[in-house]
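The structure appears right after this line, and notes come after that.
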Amino acid sequence: MDPNPGDHICAIYATTAELASEVARFLADGLRKGERCWYVASGPEIGAIRSALKTIKVDVTAETSREALKLISGNGAYIVHGEFNPEVTLKIFNDAIEQAYTDGFTGFRAAADMSWALECENGLVQLLTYEALLRSLFANCRAIGMCLYDRQRMPLEVINGALALHPIGGQNGEYRSNPFYQLTGGGGTPFTNAG
């Protein structure tokens, strides 16, 4: 399945190599299509992402210089004034999407490793609230999002909640319509007792 504007993808991985490969393919596809691409890291994996991009012939330096590619630490995108606030973070992404179009890019896509939430107070519950907000953002804009979940670190109830909030899911570059996706949140986010 080739991602399209409006898609919100849940990707599951188990190793840094899987993460790097998944993200590199996703970003390289966006760069080829003239989109502005972001990757939001949760740890030290940016070096692995850079290497994976170079392996598939992406000129990371050139793409970064022309502001088509941005590799950011999770704290730079998610932790604002010392805490995670889903609404503030959503505004950051909404502004970035609008700016990409203003700057002449054909679209915007972002991939993010969601493991940063393991380090925040109440982060796992806030993460699912954020995912519910992202569902609405991506459904109403011309951007593509990929949220990556480490199946070895994330609690099962968080992965289940994430799957309920993403219309597309998969791993290893294989994505399809997600049968666990809930079209309505029933008044709240699934599995809000996570963490």
Side-chain angles (χ1 to χ4, degrees), residues 7-27 37-53 70-94 96 109-138 143-175 178 180-182 185 188-195:
D7 285 348
H8 185 205
I9 304 162
C10 182
I12 310 296
Y13 73 93
T15 67
T16 300
E18 281 181 25
L19 171 69
S21 176
E22 200 74 48
V23 170
R25 280 192 304 265
F26 179 73
L27 297 178
C37 299
W38 280 14
Y39 175 68
V40 183
S42 69
E45 75 274 10
I46 286 180
I49 304 294
R50 244 187 216 103
S51 293
L53 285 165
K70 189 170 185 179
L71 306 175
I72 335 167
S73 85
N75 287 347
Y78 294 113
I79 309 302
V80 179
H81 305 298
E83 64 182 29
F84 173 62
N85 180 317
E87 291 84 9
V88 170
T89 304
L90 191 71
K91 183 173 179 356
I92 291 169
F93 279 98
N94 190 55
R109 68 173 61 198
D113 180 4
M114 307 313 275
S115 297
W116 58 267
L118 293 165
E119 310 303 323
C120 295
E121 184 177 337
N122 210 22
L124 295 177
V125 172
Q126 291 279 55
L127 173 60
L128 295 178
T129 299
Y130 175 61
E131 287 285 18
L133 293 170
L134 281 176
R135 172 172 65 178
S136 175
L137 174 70
F138 286 114
I144 304 169
M146 176 182 278
C147 302
L148 295 116
Y149 286 84
D150 183 340
R151 70 173 168 257
Q152 295 183 4
R153 294 184 63 207
M154 281 288 180
L156 180 59
E157 62 270 15
V158 173
I159 291 176
N160 286 340
L163 285 168
L165 293 166
H166 291 81
I168 299 169
Q171 62 184 6
N172 299 323
E174 298 291 325
Y175 298 97
N178 176 7
F180 303 106
Y181 177 59
Q182 296 177 4
T189 59
F191 306 98
T192 54
N193 63 340

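A heavy-atom distance below 4.5 Å is not found between the side chains of Arg109 and Met146. With a 4.5 Å cut-off on side-chain heavy atoms, Phe26 and Tyr39 do not count as touching. In this structure, the side chains of Tyr149 and Met154 come closer than 4.5 Å at one or more pairs of heavy atoms. Leu118 places a side-chain heavy atom less than 4.5 Å from the side chain of Pro155.
The two residues Leu148 and Ala111 have their closest heavy-atom pair at CD1-CB, 4.0 Å. Counting all heavy atoms, side chain and backbone alike, Ala162 lies closest to Leu128 at N-CD2, 3.8 Å. The minimum heavy-atom distance between Cys147 and Leu134, with the atom names listed, is SG-CD1, 4.2 Å. Of all the heavy atoms in Arg25 and Gly173, the pair that sits closest is NH2-N, 3.0 Å.
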Steps toward side-chain contact (heavy atoms from CB on, under 4.5 Å) verdict (Phe93, Val40)
CA-CA 11 Å; Phe93 279 98; Val40 183; 4.0 Å; yes
Between Gln126 and Phe84, does a side-chain contact (heavy atoms from CB on, under 4.5 Å) hold up when you go through it step by step?
CA-CA 8 Å; Gln126 291 279 55; Phe84 173 62; 3.5 Å; yes
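Looking at Asp113, its side chain does come within 3.5 Å of a backbone N or O of Ser115 through a donor-acceptor pair. Counting only distance, with no hydrogens or angles, the side chain of Arg135 and the backbone of His8 share no donor-acceptor pair below 3.5 Å. The backbone N or O of Gly47 sits less than 3.5 Å from a side-chain atom of Ser51, completing a donor-acceptor pair. When atom types are taken as modelled, the side chain of Gln152 and the backbone of Asp150 share no donor-acceptor pair closer than 3.5 angstrom. Counting only distance, with no hydrogens or angles, the side chain of Gln171 and the backbone of Ala11 share no donor-acceptor pair below 3.5 Å.
Here Met114 contributes atom CE and Leu124 contributes atom CG; the two are 10.5 Å apart, rounded to the nearest 0.5 Å. Separating the CD1 atom in Ile92 from the CD atom in Glu87 is a distance of 12.0 Å, to the nearest 0.5 Å. Rounded to the nearest 0.5 angstrom, Leu163 CG and Tyr181 OH are separated by 12.5 Å. With rounding to the nearest 0.5 Å, the separation of CD1 in Ile9 from CG in Asn178 is 11.5 Å. The distance from the OH atom of Tyr130 to the CG atom of Leu90 is 6.5 Å, given to the nearest 0.5 Å. The distance from the CG atom of Asn172 to the OG atom of Ser21 is 7.5 Å, given to the nearest 0.5 Å.
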